[in-house]
Structure formats: C-alpha cells, structure tokens
Amino acid sequence: ISTELCLVLEELKVLQDKLNQQNYGNCTTVEEALKRAKRELEVRVEERTTELRVTNDHLLSEVVERKRAEVDLERSLSLLRGTLEATIDGILVTQNAETIVAFNQRFVEMWGIPEASLSSRDLKKVLPFIVAQLKDPDTFLAAANQLFAQADAKGDSIFELQDGRIIERYSQPQWLGETIVGRVCSFRDITARHRSQLALRKSEATNKALLNVIPALMIRMSRDGTYLNFIPAKNFDRVLPCSQMEGKNSYEVMPLEIA
C-alpha cells in the first residue's frame with residue numbers, strides 16, 4: 001500500500017470518528033453530513049499531497065547532488081591514479097606513520113613488495129621489505145623516524161641497496177588546507193646518474209694527473225676559448241696563477257692585442 005493511500009485511509013477513519021461524535025446542528029440529513037465530510041477530506045488530502053510533493057522534490061534534489069558529487073569524486077580519483085602511475089618515481093602515501101593510503105605500481109616494482117603485504121595497508125608489514133634491501137638500514141630508519149616525529153619536516157636522502165642500486169628518497173608532509181593529514185614519499189632510482197657522475201670525476205682526475213706529468217706547456221680549452229686546464233712549462237712567465245686561469249677565457253687573462 002502506498003504512503004498516500006495509507007494517509008487517506010487514516011483521514012477517513014478520523015472523519016468517521018468525527019461524524020459519530022459531532023452534533024451537526026443545522027444538517028438535517030445524513031447526506032449533507034457526508035458531503036461536508038467529503039469536502040473536509042478532499043482539503044486535507046490535497047494539503048498532505050502538497051507536503052509529500054515538496055518532500056519528494058527535496059529528496060530528488062539531494063539524490064541528484066549526491067550522484068554529481070560521486071561522479072566528481074570518481075573523476076578526481078581517476079586523475080590522481082593516472083598521475084601516480086605516470087611518474088617515474090615510486091610513490092608511497094602514509095598516514096599517522098602507520099597506515100598506507102596510496103602507492104603506485106612503480107613503488108611495488110622498485111622494492112618487490114608482495115601484494116598480500118600491501119593489501120593490509122599496514123606500514124609495519126611493508127617496511128621490513130625495504131629495510132632488508134639496504135646496505136645501511138639503521139641510517140634509513142633513523143631518518144624515517146625523524147621525519148615521522150616532525151609532521152611538517154621535509155627530507156632528501158640517498159641510500160645504497162645491497163644489489164648495487166642507488167635510491168634517492170624525498171619526503172614531505174601532505175596538506176589538506178592548513179592541516180597535515182599524512183606524508184608523501186617518492187623513491188627514484190638514480191643508479192645510472194650516480195655512476196655517470198663517478199665516471200666523470202674519475203676521468204677528470206685522470207686527465208689532470210696526465211697533464212701534471214707533462215713538462216711542456218699544456219693548455220686545454222673549450223670551443224669558446226675558456227681555459228679548462230693550464231699546465232705551464234718551467235720558467236714560463238704567466239699573467240695569472242694557474243688556479244685563477246682555469247675557467248676564464250683568453251680575453252679575460254691576456255691583453256686584447258695578444259689574445
């Protein structure tokens with residue numbers, strides 16, 4: 001039975017009780033009393049119907065707004081997931097130093113975390129897989145505990161893994177308005193960059209050592225005329241000390257008519 005029908009039946013019962021108790025005075029027939037009761041019933045039903053219509057319209061509006069909010073939320077979540085998966089860094093978002101809020105596939109692949117551990121969303125079950133791969137786990141844990149102890153702190157550290165990889169970790173607080181709600185950590189594999197830098201420094205040291213053992217005057221310059229290395233011969237009368245000549249070009253070191 002619909003709500004409106006139940007209300008009508010209730011109104012009929014009220015009016016019937018009223019007919020049984022009311023003294024109609026000038027109403028000389030039962031027919032007039034029934035007509036009067038009918039009119040009263042129609043008015044009350046119309047009033048109740050109007051109230052229900054307003055209530056239904058309000059509920060419908062709330063449902064529409066809720067659906068719109070759900071669509072907007074899903075769109076935002078989809079954008080966030082796409083952004084997390086598009087980055088080359090491994091991303092881990094935590095809350096209260098205990099709960100894992102979000103992570104991307106790159107983080108999973110970088111550290112080889114089992115799905116069962118990640119599905120628990122418990123940071124204490126995931127952290128051991130990271131620590132076990134580090135050459136210096138104590139330093140990593142000390143830095144992590146320091147960041148967790150200072151909610152607004154930022155940190156940038158480099159760690160070496162037992163398999164030879166070099167990982168850079170950057171950590172910063174997650175803000176919601178003016179409130180810190182968690183922490184975001186990004187992990188980047190900088191092994192190739194680190195090795196290139198080491199190779200470059202080694203090459204520069206080797207070149208400089210070779211130049212130092214050559215007795216004659218040796219000058220190494222870039223295309224724009226900048227002195228990269230200046231090794232003078234004995235008794236060479238130079239304009240500036242060697243340490244001041246490196247990084248300058250010939251126009252800065254010698255007179256214009258000579259340069």
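All values derive from a computational prediction rather than experimental measurement.
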- Query: Any side-chain heavy atom of N104 sitting closer than 4.5 Å to one from D89?
  - Reply: no

- Query: If two hydrophobic side chains count as joined below 4.5 Å and joins carry through other members, does L141 share a cluster with F148?
  - Reply: yes

- With a 4.0 Å cut-off, would you call R68 and E65 a salt bridge? yes

- Who else is in the cluster with L200 when I, L, V, M, F, W and Y are joined by side-chain contacts under 4.5 Å? none

- Same cluster for V184 and V126 if Ile/Leu/Val/Met/Phe/Trp/Tyr side chains link at under 4.5 Å? no

- Query: Heavy atoms, side chains only, cut-off 4.5 Å: are V101 and Q174 in contact?
  - Reply: no

- Task: Report the distance from atom CD of E168 to atom CG of D156, rounding to the nearest 0.5 Å.
- Result: 4.5 Å

- Task: Would you mind listing the cluster partners of I180? Hydrophobic ones only (ILVMFWY), side-chain contacts under 4.5 Å, chaining allowed.
- Result: W175

- Query: Is any side-chain heavy atom of F107 closer than 4.5 Å to a side-chain heavy atom of I91?
  - Reply: no

- May I ask you to check whether S171 and R183 show a side-chain donor-acceptor distance below 3.5 Å? yes

- Query: Taking atom CD of Q105 as the centre, does the number of heavy atoms from other residues, nucleotides or ligands within less than 6.0 Å exceed 12?
  - Reply: yes

- Calculate, to the nearest 0.5 Å, the distance between atoms CZ and OG1 belonging to R193 and T191 respectively. 10.0 Å

- Side-chain (T55) to main-chain (E51) donor-acceptor, under 3.5 angstrom: yes

- Could you state the interatomic distance from CD1 (I158) to CD1 (I166), rounded to the nearest 0.5 Å? 8.0 Å

- Task: Write down the atom of P173, the atom of K154, and the distance for their closest heavy-atom approach.
- Result: CD-CG, 4.0 Å

- Taking the side chain as every heavy atom from C-beta outward, state whether L147 and R169 have any atom pair closer than 4.5 Å. yes

- Would you check if D189 and R165 make a side-chain contact, meaning some heavy-atom pair closer than 4.5 Å? yes

- Say whether M110 and L127 are linked into one hydrophobic cluster, either directly or through other cluster members, by side-chain heavy-atom distances under 4.5 angstrom. yes

- Message: Taking Y170 as the starting point, is it possible to reach V93 by hopping between hydrophobic residues whose side chains are less than 4.5 Å apart?
- Response: no

- Note on the structure: Looking only at heavy atoms, the pair that brings S157 and A143 closest together is OG-CB, 4.5 Å

- Item | For L134 against P137, the heavy-atom pair lying closest together | O-CD, 3.6 Å

- So do F129 and L118 actually touch side chain to side chain, heavy atoms under 4.5 Å? no

- Task: Could you tell me whether a side-chain N or O of T50 sits under 3.5 Å from a main-chain N or O of E46, the two making a donor and an acceptor?
- Result: yes

- Dump the intermediate steps for side-chain contact (heavy atoms from CB on, under 4.5 Å) on K67 and V64, then the final yes or no. CA-CA 5 Å; K67 289 291 184 182; V64 172; 5.8 Å; no

- Does a side-chain heavy-atom distance below 4.5 Å link F140 with I167? no

- Relative to each other, are the rings of W111 and F187 parallel, tilted or perpendicular (30° and 60° limits)? perpendicular

- Item | For K125 against S120, the heavy-atom pair lying closest together | CD-OG, 3.5 Å

- Taking ring pair (Phe, Tyr, Trp, His ring centres under 6.0 Å) as the test, write out the residues that go with F103, two or more places apart. none

- Task: Check whether any side-chain heavy atom of K135 lies under 4.5 Å from a side-chain heavy atom of F159, and answer yes or no.
- Result: no

- Task: For the pair R121 (side chain) and T99 (backbone), establish whether a donor and an acceptor sit closer than 3.5 Å, ignoring hydrogens and angles.
- Result: no

- Message: Rounded at 0.5 Å granularity, tell me how far CG in D57 sits from CD in E62.
- Response: 11.5 Å

